[in-house]
Structure formats: C-alpha cells, structure tokens
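One structure below.
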Amino acid sequence: MRYSKYLLPTLKEIPSEAEVPSHQLMLRAGMIRKLTSGIYSYLPLGLRSIRKVEGIIREEMNRAGAIEVLLPIVLPAELWQETHRWEEYGKELLRFKDRHNRDYCMGPTQEEVITDIARREIRSYRQMPINLFQIQTKFRDEIRPRFGVMRAREFIMKDGYSFDVDEKNADESYQKMYDAYSRVFARCGLKFKVVEAESGLIGGHFSHEFMVLAETGEEIIVSCTHCSYAANIEKAEFKRSDRTSRSEDPNLFKPLQKVRTPNQRTVEEVTQFLSVSPKELVKTLIFETDKGPIAALVRGDHEINEKKLKAILGTENLQLASEETVEEITHAPKGFAGPLGLSIPVLADLDIQSMVNFVTGGNQKDAHLLHVNIGRDFHISQFVDLRKFTQGDRCPLCGGETRWDKGIEVGHIFKLGTKYSKAMGAAYLDEQGKERIIVMGTYGIGVGRTVAAAIEQSYDEHGIIFPMPIAPFQVLILPVNMKIDLIRETAEELYRILLDEGVEVLLDDREETPGVKFKDADLIGIPLKLTLGERNLNKGLVEIKKRRTGEVLLIKKEEAVSGIREMIRMEIEG
RNA sequence: CGGGGAGUAGCGCAGCCUGGUAGCGCGCUUGGUUCGGGACCAAGAGGCCGGGAGUUCAAAUCUCCUCUCCCCGACCA
C-alpha cells in the first residue's frame with residue numbers, strides 16, 4: 001500500500017474525548033473515528049488490525065473443529081420471549097418495531113438464534129458434537145460506553161456455540177474452546193490470564209474469562225500467589241477466618257449504649273466520629289425484592305455482593321431500598337439504619353457471627369448504638385455468605401495470599417447446560433431412540449476489544465507498538481526524501497519485491513519532511529521500519545529498525561528482503 | 001438515572017464574567033526555499049459560535065428551553 005493513496009489520517013494532538021491510551025492512540029493513528037457515543041467507524045488501518053485478529057480466530061476455530069456461520073443481527077421478539085430474556089435482559093437490549101408494529105431487537109448475543117437452528121436441524125446424536133461460530137457486529141445499549149472500542153455499544157464479536165449429547169461431552173467441547181482461546185490470545189501476542197467468572201445474563205453452570213492484564217482494565221482479577229487459583233473479583237471466593245462461631249459468652253457483653261451522631265451517616269463518618277475501626281461496625285443495608293424488603297448485614301469494611309444475595313434469595317429482582325422505604329422500615333433517615341427492632345428478615349454475613357460489642361445504626365435520626373450483641377439485642381434470620389472479596393482475603397483453595405490485578409475481558413466461555421435448549425425445545429434422539437435435550441456451551445471474543453487491549457498493553461510515548469501477528473502492516477518503508485532519485489527508486493524496488501513476496505508493506509511515498517514521516521511511523525506502530533537514506537544507500541546499505549526494541553540493523557540492500565522475511569517469520573512464530 | 005464538565009474552522013483551544021469588527025496554534029490550498037526525528041517564508045481558503053425561543057438598538061457573550069458529547073457513580077458480555 002502506498003501511503004499517499006491511503007486513508008491514514010493521523011492526529012498530532014490528543015482528541016479531548018479520549019482518556020485511556022488505547023483510545024487516544026487508535027484515534028491519533030487514524031484507526032477509528034467516532035460516529036456517536038459508543039459507535040465507531042473503523043478506518044483502513046484499524047480494519048486491517050481487526051481482520052488480523054479475525055484471521056487468527058478463524059484459524060484456531062477451524063483447528064478446533066468449529067464451523068463458521070453468519071447469523072442475523074435483527075432478531076424477532078418471539079424468539080427472545082421463548083427464553084424470557086426479552087423481559088430479563090433489560091435496557092441493554094435495543095428494541096424497536098418494524099412497519100407492521102412487530103417487536104424486534106438488535107442482537108446483543110445470539111443464543112436464541114443458534115438454538116433455533118439447532119432445534120430445527122439437529123435431530124440425531126450422530127450430528128453431535130458440533131460447534132458453530134460467527135464473527136459479526138453486536139449491539140448492546142450500554143449505560144455508559146467508554147474507552148473507545150473497548151466498551152462500545154456496537155462492537156465486533158466472535159461468538160460460538162457448542163452442542164453436545166450430554167454433560168460429559170459438553171465438558172470436552174468446553175475444554176477444546178478453552179484451549180483454542182488460549183491459543184488465539186497467545187498468537188495475538190497478548191499477556192493474559194484465565195479466571196473463573198460469573199455467568200451473568202447469559203446464564204449457565206460456570207464460565208471462564210480471558211483477561212488481558214492492563215492498568216486500564218475495568219475488571220479486577222484476584223489470584224493466589226501460591227497456587228493456580230484466579231477469579232474475577234465478582235466471583236472470587238475466599239477462605240473465612242477460623243473464628244466463625246459467634247462468641248456466646250455474655251460475660252463479654254458490655255451494656256448497650258445509645259450515642260448521638262449528628263449527621264454522621266457513612267461508615268467513614270461514623271467510625272471517625274466514634275473513634276472506632278470499621279471492623280467494629282456492622283452495616284445495615286435495606287434491599288427491596290419481589291419477595292418483600294430484607295435487611296443485610298456486613299462488617300463496616302466489607303461490601304455486599306449483590307449477586308450472592310440474589311442467589312440466596314432466589315430472585316433476580318433486588319435493589320437497594322429507596323430513601324422512603326428505608327425511613328418506613330427503620331423509622332430513621334438513610335444512614336442510621338440498624339438491625340434492632342426490625343420486622344423484616346435480617347440476613348447477616350458469616351463474618352458477623354464472631355463479632356461482639358459492635359456499632360450499628362440506631363434506627364433513629366442522629367443516633368448510633370454501641371456494644372450491640374447478637375442474641376441479646378436482636379436476632380439474625382440467617383447467617384450466609386454475603387460479602388465481596390476484600391483486599392487481604394486469602395485463597396479459598398490453599399489459604400495463600402492473594403494479589404489483585406486489573407484486566408480487560410477479551411474472551412468469555414460459558415458452560416450453558418440446557419438453559420436455552422430446554423426453553424426452546426432443542427432435542428435429539430439418542431442411540432436408544434429416546435428424546436434428550438441438547439447440552440450447550442457459548443463462547444465469545446471481543447474482536448475490537450482485543451485490538452484495543454493489545455495496544456493498551458503495548459505502546460510508548462511515541463505511539464503504538466503492534467505485535468507482529470495483529471499489526472496492520474508488517475513493514476513500513478520510509479524513504480527519507482522522495483525527491484532523490486536513488487532513494488525513490490530503491491524504495492519502489494524494495495516495495496515491489498516485498499509485495500511480490502507476500503509481505504504486508506506500507507510505503508511512505510509522501511513528500512513530507514523526514515520528521516513527519518518518522519513521527520507518523522512511530523505513532524502507527526508498524527513492527528519493522530525500513531529507512532532509506534542517501535548516506536546509507538550510497539554505501540549500498542539500508543536500515544531496519546524494530547519498533548518494539550528500537551534495535552537498528554544496517555544491512556546490504558540486497559539482503560533487506562530476506563532479512564525482513566526472517567524477522568517477520570520469527571515474530572509471528574513467537 | 002444521580003453528580004460534574006463541555007459544545008466557537010478538520011483537530012486542540014481562547015473570547016463569554018463586563019453585549020458592539022470571531023481569534024490563536026496545528027492541519028488544509030498555492031508558490032518558493034528546505035529534506036535522517038512533527039522545517040521556513042509568503043499568499044490564501046475555511047464559521048447558522050450545537051439548536052430553538054426570549055431580553056436588547058445590538059447576543060458567541062444575558063435569560064429560559066432543548067439536543068449532543070465527555071467524566072465520576074450506579075449498572076454491565
């Protein structure tokens with residue numbers, strides 16, 4: 001490709017809308033342009049990188065025996081109603097009507113569509129296992145899109161679905177995808193970690209996320225420093241301290257005491273005001289559910305994990321109570337709720353069991369209680385695991401110390417079971433001629449996000465540093481001055497040979513000053529730069545510079561092409 | 001949805017408080033000089049000052065309404 005004939009609009013300045021490095025660099029390098037919030041166009045350079053990732057995915061999917069399809073993006077409501085996700089999915093699902101006033105949505109994921117195909121086309125155990133995938137645009141109406149294509153509303157995703165005769169076979173399909181995904185991200189040149197994850201709205205038994213480690217990641221990954229345990233913090237388990245049985249020795253109980261705490265509402269305010277540690281305080285949170293209001297207690301320094309709470313209560317319908325409801329139930333304004341005298345169920349986290357003489361809200365304006373004790377002062381309906389993983393918590397497997405890292409979720413695999421196949425009646429006949437439900441798995445890769453994550457993981461103050469396998473071009477030829485015949489002719493010659501050899505090459509044939517060309521070259525981050533200058537050429541030499549290391553090689557012009565091919569080969573094979 | 005910020009040339013911004021000629025840097029066009037790390041000189045093009053209503057002799061500037069974008073939170077493959 002000739003730069004002068006290409007669309008590669010680089011920017012000197014950082015667009016004000018971009019916060020994180022990958023977003024800034026993708027805009028500056030002319031890879032993407034925003035159309036509206038969370039919706040981006042890919043310009044040629046960005047598209048080339050996208051296509052590279054897609055190519056790697058295709059190869060690895062084919063290697064794993066998956067078969068490519070292309071499913072529609074506009075989906076009828078009926079299909080979604082069958083699995084009840086029309087109601088469950090919420091506002092992220094972009095819905096609209098056609099001219100006949102029929103309901104449709106933009107596909108945020110395609111389990112329903114693929115299951116519809118499966119129930120029509122798969123009738124025999126002989127047709128399984130089968131794994132179908134597609135690479136296609138998805139739409140999720142995110143509340144707040146951010147970070148460019150990293151969290152966009154419209155985005156390109158590879159999604160795949162496996163169909164098996166039983167759980168055991170489904171596990172094998174899952175493992176195949178686990179391996180294939182690992183290969184995909186390794187081949188993309190990414191540093192990543194696989195972690196246990198929540199299944200969310202997709203549902204299913206268990207799932208793993210593929211996380212690219214990066215400072216700007218939105219996910220927190222908990223991992224053990226001693227064993228192989230790693231999980232998304234949303235999902236992370238932890239070892240409880242041994243003191244889980246509550247102290248029942250009333251001799252320890254100090255007399256209950258009410259104190260005035262004017263305007264002290266948050267844990268921070270109250271603990272400072274009373275000079276106690278957050279560990280000595282119990283937070284009382286009132287939730288509204290479709291089964292009525294409940295109170296949930298956690299220690300002051302802990303946080304409620306709403307997913308756990310939902311699971312315990314067996315409801316998807318759960319939210320923090322409004323200020324009015326809190327007042328109604330506790331007879332006090334928000335910030336002064338406590339567990340004493342409540343007429344609703346009170347759930348307490350396991351770590352509350354061992355606490356004595358703690359602080360709670362007084363269920364009265366501007367008042368808290370000191371030396372509160374369970375049993376004497378109030379009763380707990382149920383002790384349960386309610387809280388989130390907290391810094392300092394220990395590994396659930398080996399009790400080892402844990403560490404936190406930030407990650408970008410680029411892939412997610414789910415063992416679905418029969419959630420969709422059962423709801424939609426996707427069944428087959430087994431060897432005995434007996435009808436059985438198909439067991440499914442679902443597997444996704446954020447393609448655009450993978451490119452962004454790669455950049456997030458690989459850049460410097462000058463610009464992007466593309467890993468060779470996903471670089472838009474492999475080599476950039478940079479003739480320092482196009483007006484000097486020797487330089488121009490050599491550039492053209494090398495360009496032609498490299499093209500003939502199948503090398504992906506960009507020739508910067510613009511009549512720009514060298515400085516501009518060098519700056520743009522660094523910005524767009526092509527792994528190899530072939531610089532042609534007069535002094536070197538007069539000696540029959542050309543310069544090859546590696547973007548990543550800055551390493552410079554002066555080699556004979558005649559050896560340039562073979563040298564470049566060798567470097568590309570080595571970098572692609574890792 | 002709550003809180004905060006911003007919409008002025010393609011991009012980055014000033015001007016607004018205190019109403020009166022729309023400006024700067026980069027980019028773009030033309031000519032010339034330059035040519036191994038974002039060159040220089042000269043001449044240019046480019047604006048419904050996000051939109052609507054109002055106040056005023058007069059609105060980018062003041063008032064009200066509205067739309068859009070960004071950030072924080074809630075939420076979320």
Side-chain angles (χ1 to χ4, degrees), chain A residues 9-20 23-24 27-28 30 33-39 85 88-93 107-111 138-148 150-153 155-160 197-204 207-211 218-219 232 234 303 306-307 318-320 322-323 408-414 416 442-450 461-463 478-484 487-488 508 510-523 529 531-537 542-543 545 550 552 554:
Chain A
T10 57
L11 303 169
K12 250 187 217 181
E13 285 167 298
I14 301 172
S16 57
E17 70 194 50
E19 287 275 308
V20 298
H23 189 195
Q24 293 175 352
L27 287 167
R28 287 190 56 211
R33 286 294 183 262
K34 185 176 72 179
L35 181 61
T36 183
S37 179
I39 300 183
R85 285 211 296 180
E88 286 169 6
Y89 216 96
K91 290 188 182 163
E92 260 193 44
L93 188 63
T109 171
Q110 258 91 342
E111 281 81 9
K138 300 265 183 286
F139 195 95
R140 292 183 192 170
D141 201 357
E142 296 278 351
I143 299 172
R144 186 149 88 85
R146 58 189 122 175
F147 305 152
M150 204 123 94
R151 185 167 210 77
R153 295 194 292 169
F155 58 100
I156 302 168
M157 178 170 167
K158 172 265 164 184
D159 52 320
E198 286 288 346
S199 304
L201 280 169
I202 305 286
S207 75
H208 285 92
E209 286 169 333
F210 290 74
M211 295 284 199
E218 292 187 89
E219 309 287 336
N232 189 312
E234 300 284 335
E303 282 186 65
E306 291 192 16
K307 281 176 180 151
L318 176 111
Q319 54 214 340
L320 265 176
S322 66
E323 206 141 337
I408 300 165
E409 180 193 353
V410 290
H412 201 158
I413 57 178
F414 300 78
L416 275 180
T442 179
Y443 316 94
I445 294 177
V447 177
R449 190 182 274 186
T450 299
E461 69 270 31
H462 302 295
L478 196 154
V480 169
N481 185 340
M482 287 298 283
K483 286 194 176 143
I484 295 171
I487 295 179
R488 190 184 61 249
D508 191 350
R510 296 175 300 168
E511 300 210 346
E512 287 286 354
T513 56
V516 171
K517 292 187 175 188
F518 282 121
K519 289 292 182 189
D520 277 337
D522 287 345
L523 178 59
K529 179 172 68 188
T531 305
L532 307 178
E534 197 169 21
R535 275 193 300 275
N536 286 329
L537 280 182
V542 297
E543 174 188 306
K545 187 169 182 179
V552 176
L554 271 180

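Values below: every heavy atom of this structure, side chains too, minus hydrogens, waters and symmetry copies. These numbers were taken from a predicted model, which means no experiment stands behind them. Just so it is clear: chains get the letters A, B, ... in the order the sequence lines come, proteins before strands, and each one is counted from 1.
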Using a heavy-atom cut-off of 4.0 Å across all strands, would you classify A/Arg33 as base, sugar-phosphate, or nothing?
nothing

Protein-proximity profile, nucleotides 5-15 of chain B, B/S/- by nucleotide at the 4.0 Å heavy-atom cutoff, equals ------BSS--

side-chain N/O A/Thr513 vs B/rC35 OP1/OP2, d < 4.0 Å:
no

Which of B/rC35, B/rC71, B/rG38 is nearest the side chain of A/Asp520? It is B/rG38

Closest to the side chain of A/Lys34, out of B/rC69, B/rC72, B/rC35, is B/rC69

Just so I know, are the side chains of A/Glu19 and A/Arg146 near enough to count as touching, which here means a heavy-atom distance under 4.5 Å? no

Report task. Please confirm whether any donor atom in the side chain of A/Glu512 sits under 3.5 Å from an acceptor in the base of B/rG38, or the reverse. Result -> no

**Request:** Please check the phosphate of B/rG27 (OP1 and OP2 only) for any side-chain N or O of A/Lys12 closer than 4.0 Å.
**Result:** yes

Has the side chain of A/Lys529 got a donor or acceptor that lies under 3.5 Å from a partner of the other kind on the base of B/rG37? yes

Heavy-atom closest pair (A/Leu523 atom, A/Arg28 atom, distance to 0.1 Å) is CD2-O, 3.4 Å

Scanning both residues in full, the closest heavy-atom pair of A/Lys483 with A/Glu511 reads CE-OE1, 3.4 Å

ask   = Got A/Thr10 and A/Lys519 here, is their nearest side-chain heavy-atom distance under 4.5 Å?
value = no

Report task. Could you tell me whether A/Lys483 contacts a base, only the sugar-phosphate backbone, or nothing, with contacts defined as non-hydrogen atoms closer than 4.0 Å? Result -> base

The nucleotide from B/rC35, B/rC69, B/rG37 with an atom nearest the side chain of A/Lys545 is B/rG37

Are any of A/Arg144's side-chain N or O atoms less than 4.0 Å away from OP1 or OP2 of B/rC71?
yes

Notebook entry, point to check: Donor-acceptor pair under 3.5 Å: do we get one between A/Asn481's side chain and the base of B/rG36?
Noted result: no

Requested in this report: Verify side-chain contact (heavy atoms from CB on, under 4.5 Å) between A/Asp159 and A/Thr442, making sure each step is shown before the conclusion.
Outcome: CA-CA 7 Å; A/Asp159 52 320; A/Thr442 179; 5.6 Å; no

Ranking B/rA77, B/rC69, B/rG38 by distance to the side chain of A/Leu523, first place goes to B/rG38

Closest to the side chain of A/Ile143, out of B/rA74, B/rG37, B/rA77, is B/rA74

Atom CD of A/Glu543 and atom P of B/rG37 are separated, to the nearest Å, by 12 Å

A/Glu219 atom CD is separated from B/rA77 atom P, nearest whole Å, by 9 Å

Notebook entry, point to check: Base, sugar-phosphate, or nothing: which does A/Thr531 touch, judged by heavy atoms less than 4.0 Å apart?
Noted result: base

When the P atoms of B/rG32 and B/rC24 are compared, how many Å lie between them, rounded to an integer? 26 Å

Practice prompt. Indicate yes or no: at least one non-hydrogen side-chain atom of A/Thr450 is less than 4.5 angstrom from one of A/Lys158.
Written response: no

